[in-house]
2 protein chains.
Amino acid sequence: MLNAAERDQLRSNARFVHFKKNELIYLEDENPKDLMILFKGKVKIFRSGVGGRSQIIRIMRPIQFFGYRAYFAREPYVTAASAFEACTVCKIPMELIEQFLRTNGELALFFIRMLSIDLGIADQRVVNLTQKHVRGRLAESLLFLKETYGLEEDGATINIYLAREDLANLSNMTTSNAIRTLSNFVNERIITIDGRKIKIIDEERLHKISRIG
Amino acid sequence: MLNAAERDQLRSNARFVHFKKNELIYLEDENPKDLMILFKGKVKIFRSGVGGRSQIIRIMRPIQFFGYRAYFAREPYVTAASAFEACTVCKIPMELIEQFLRTNGELALFFIRMLSIDLGIADQRVVNLTQKHVRGRLAESLLFLKETYGLEEDGATINIYLAREDLANLSNMTTSNAIRTLSNFVNERIITIDGRKIKIIDEERLHKISRIG
DNA sequence: ATATATTTGTGTTTTAGAACATAGTTCTAC
DNA sequence: GTAGAACTATGTTCTAAAACACAAATATAT
């Protein structure tokens with residue numbers, strides 16, 4: 001998507017940064033400077049709301065772009081990002097990206113497309129998180145985690161190691177409710193749990209629970 | 001932002017369409033074809049959720065762009081749009097816009113900026129709608145309506161004529177709760193109401209209620 | 001202009017989910 | 001390897017907001 005000159009510039013301006021598990025990548029209210037590309041690991045984008053209660057807005061997998069929205073909107077970050085697990089991130093100055101965009105229509109359309117997809121997801125998420133009940137929201141989150149990070153070799157275990165609290169923050173509920181509802185799903189033979197490892201037994205039923213809310 | 005040739009093309013492809021009060025402008029699942037520019041009137045972008053319960057996602061004022069996100073994301077609309085009041089909308093084929101974008105970097109950055117701003121709003125809205133209580137959400141909506149549509153000549157009455165149901169759908173609550181909470185605000189001398197006309201008496205207090213949730 | 005439908009207003013009941021409490025378990029850091 | 005912290009689990013209580021019910025007031029259509 002870039003020409004030779006652009007690629008050269010990119011190479012000389014890109015920096016690779018490593019983050020440890022739970023390390024913060026950027027903070028709310030900070031000024032956005034770089035486009036970030038997640039090369040390795042898993043990242044959560046979150047925002048703290050009423051009484052400091054945290055809500056996970058998006059989760060990232062390799063190779064996805066993040067951290068660029070606020071720069072384009074000319075505002076400080078309204079979210080923060082941190083590493084679910086050890087990560088490698090490539091940082092590219094947004095000024096350079098913006099400069100590319102002025103002359104590279106395909107690159108511009110690429111960013112327009114990413115933003116448009118994310119906005120569509122956000123629009124749907126508003127309705128899902130506000131209208132679905134706890135069971136529906138948790139079912140949706142489990143399916144969403146499966147879609148994003150895939151399954152382990154057994155073809156059933158979701159490939160992420162998440163605390164109940166993160167699962168709760170992703171699904172807009174208290175940690176207690178995430179734990180309780182997860183237990184219910186186990187009793188109903190929809191999933192099995194082994195510590196933080198979650199195995200999906202009856203995906204069809206999860207879909208149904210998510211659908212009816 | 002456009003050159004002479006682009007402006008010519010635009011003129012020969014733009015169509016003006018009128019919509020009556022409550023008329024639908026586009027529907028969920030429909031295929032997006034046109035960029036829409038609201039010239040006159042007020043528009044709501046909404047989505048129906050669990051059990052057909054409707055949630056207002058965005059509201060538009062002249063002169064704002066809408067209807068383009070789904071085209072860029074290469075997906076059908078996930079929302080619908082309808083006219084709060086009689087509207088004039090200019091429709092421009094998205095194919096033409098996309099063609100412009102490939103060579104016009106400034107126009108591309110304009111769309112990137114709009115999408116980025118809207119995505120930031122959506123990210124914040126997710127947290128506000130899920131975490132704030134009824135009073136906080138309604139206070140926020142009233143302030144938001146004031147910001148969007150302004151005040152009448154008296155410098156206090158919000159310049160929109162909204163049913164309680166729409167106010168509820170904007171604030172993620174039942175119509176009963178919107179009515180009740182509005183009455184409470186009147187008793188607390190924060191606002192006055194005359195039918196659908198809402199006058200803000202104590203804006204500072206509204207801000208405070210919205211802030212604390 | 002009048003009948004019918006829709007919207008508004010209020011009281012009452014019900015319930016989903018938060019808040020709180022406490023104990024057992026598993027990480028993590030030194 | 002152990003101490004302390006953080007996480008998981010489950011029971012109990014409390015409350016905000018939905019659901020329901022029914023007038024009264026407006027709006028809309030013929």
Side-chain angles (χ1 to χ4, degrees), chain A residues 20-23 49-55 82-86 127-141 160-187 191-198 209 212-213, chain B residues 20-23 49-55 83-86 127-141 160-188 191-198 209 212-213:
Chain A
K20 282 179 284 205
K21 187 177 171 167
N22 292 322
E23 201 177 348
V50 178
R53 219 175 108 201
S54 160
Q55 169 72 47
S82 86
F84 272 137
E85 53 185 58
V127 179
N128 288 341
L129 284 184
T130 56
Q131 296 193 0
K132 285 184 184 174
H133 286 182
V134 162
R135 282 170 65 86
R137 300 204 300 272
L138 187 65
E140 181 178 313
S141 289
I160 188 172
Y161 190 74
L162 264 195
R164 300 287 189 269
E165 190 183 355
D166 277 320
L167 201 51
N169 291 344
L170 187 63
S171 316
N172 179 37
M173 62 186 68
T174 55
T175 306
S176 300
N177 264 325
I179 291 168
R180 208 182 303 265
T181 309
L182 225 40
S183 298
N184 291 342
F185 284 175
V186 171
N187 290 336
I191 60 170
T192 61
I193 54 182
D194 174 17
R196 294 188 177 180
K197 284 291 173 188
I198 299 171
I209 293 170
I212 62 173
Chain B
K20 282 179 285 203
K21 186 177 172 169
N22 292 323
E23 201 176 349
V50 178
R53 217 175 108 200
S54 159
Q55 170 73 46
F84 271 138
E85 52 184 59
V127 179
N128 287 341
L129 283 184
T130 55
Q131 296 193 0
K132 285 185 185 175
H133 286 183
V134 162
R135 284 170 63 87
R137 301 204 301 273
L138 187 65
E140 181 178 312
S141 290
I160 189 172
Y161 190 74
L162 264 195
R164 300 288 188 269
E165 190 184 356
D166 277 319
L167 202 51
N169 292 344
L170 187 63
S171 316
N172 179 38
M173 63 186 67
T174 55
T175 306
S176 301
N177 264 326
I179 291 168
R180 210 182 302 267
T181 309
L182 225 40
S183 297
N184 291 342
F185 285 176
V186 171
N187 290 335
E188 296 168 46
I191 60 170
T192 61
I193 53 183
D194 173 17
R196 293 188 178 179
K197 284 293 174 186
I198 299 171
I209 294 170
I212 62 174

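In what follows, every heavy atom counts, from backbone to side chain, and hydrogens, waters and symmetry copies are set aside. Treat the numbers as computed from the prediction; the structure is a model and nothing was measured. Chain letters run A, B, ... following the sequence lines, proteins first and then strands; every chain starts at 1.
Residues passing the side-chain hydrogen bond (donor to acceptor under 3.5 Å, both in side chains) test with A/E140 are A/N128, A/K132, sequence neighbours excluded. By the side-chain hydrogen bond (donor to acceptor under 3.5 Å, both in side chains) test, B/R196 is found to be paired with no residue, residues two or more places apart in sequence or in another chain being considered. When the salt bridge (Lys or Arg N to Asp or Glu O under 4.0 Å) test is applied to B/E85, the partners found at least two apart in sequence or on another chain are B/K42. Under the side chain to side chain contact (heavy atoms under 4.5 Å, CB included) criterion, A/R180 pairs with A/S176, A/N177, sequence neighbours left out. In this structure, A/K21 has no salt bridge (Lys or Arg N to Asp or Glu O under 4.0 Å) partners at least two apart in sequence or on a different chain. Under the salt bridge (Lys or Arg N to Asp or Glu O under 4.0 Å) criterion, B/R164 pairs with no residue, sequence neighbours left out. Residues meeting the side chain to side chain contact (heavy atoms under 4.5 Å, CB included) test with A/S54, sequence neighbours left out: A/F46, A/N169.
Between the CG atom of B/N184 and the P atom of C/dT8 there is a distance of 17 Å, given to the nearest Å. A straight line from CG of B/L182 to C1' of C/dG9 spans 11 Å, rounded to a whole angstrom.
No donor-acceptor distance shorter than 3.5 angstrom exists from the side chain of B/T181 to the backbone of B/A178, with no hydrogens or angles considered. In this structure a side-chain-to-backbone donor-acceptor pair under 3.5 Å is missing from B/S171 to B/A168.
Screening residues 165-174 of chain B for salt bridge (Lys or Arg N to Asp or Glu O under 4.0 Å) gives B/K44-B/D166 as the qualifying pairs, with residues at least two apart or on separate chains.
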Measure all distances between protein nitrogen or oxygen atoms and nitrogen or oxygen atoms of nucleotides 25-28 of chain C, and list the pairs falling under 3.5 Å.
none

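Comparing the end axes of the helix from C/dA1-D/dT30 to C/dC30-D/dG1, each fitted to five base pairs by superposing C1' atoms of four pairs onto the next four, gives an inter-axis angle of 70° (nearest 10 degrees).
At least one side-chain heavy atom of B/I209 sits less than 4.5 Å from a side-chain heavy atom of B/F185. Two residues are said to be in side-chain contact when any heavy atoms from C-beta on lie closer than 4.5 Å; B/I198 and B/T192 fail this criterion.
Of all heavy-atom pairs between B/R53 and B/N172, the closest is NH2-OD1, 3.1 Å.
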> How does protein reach along nucleotides 12-20 of chain C, written 5' to 3' as B (base within reach of a heavy atom under 4.0 Å), S (only sugar-phosphate), or - (no contact)?
Replying inline: B----SSBB

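Contacts between chain B and DNA chain D, taken as any atom within less than 4.0 angstrom of a protein heavy atom, begin and end at D/dA17 to D/dA27.
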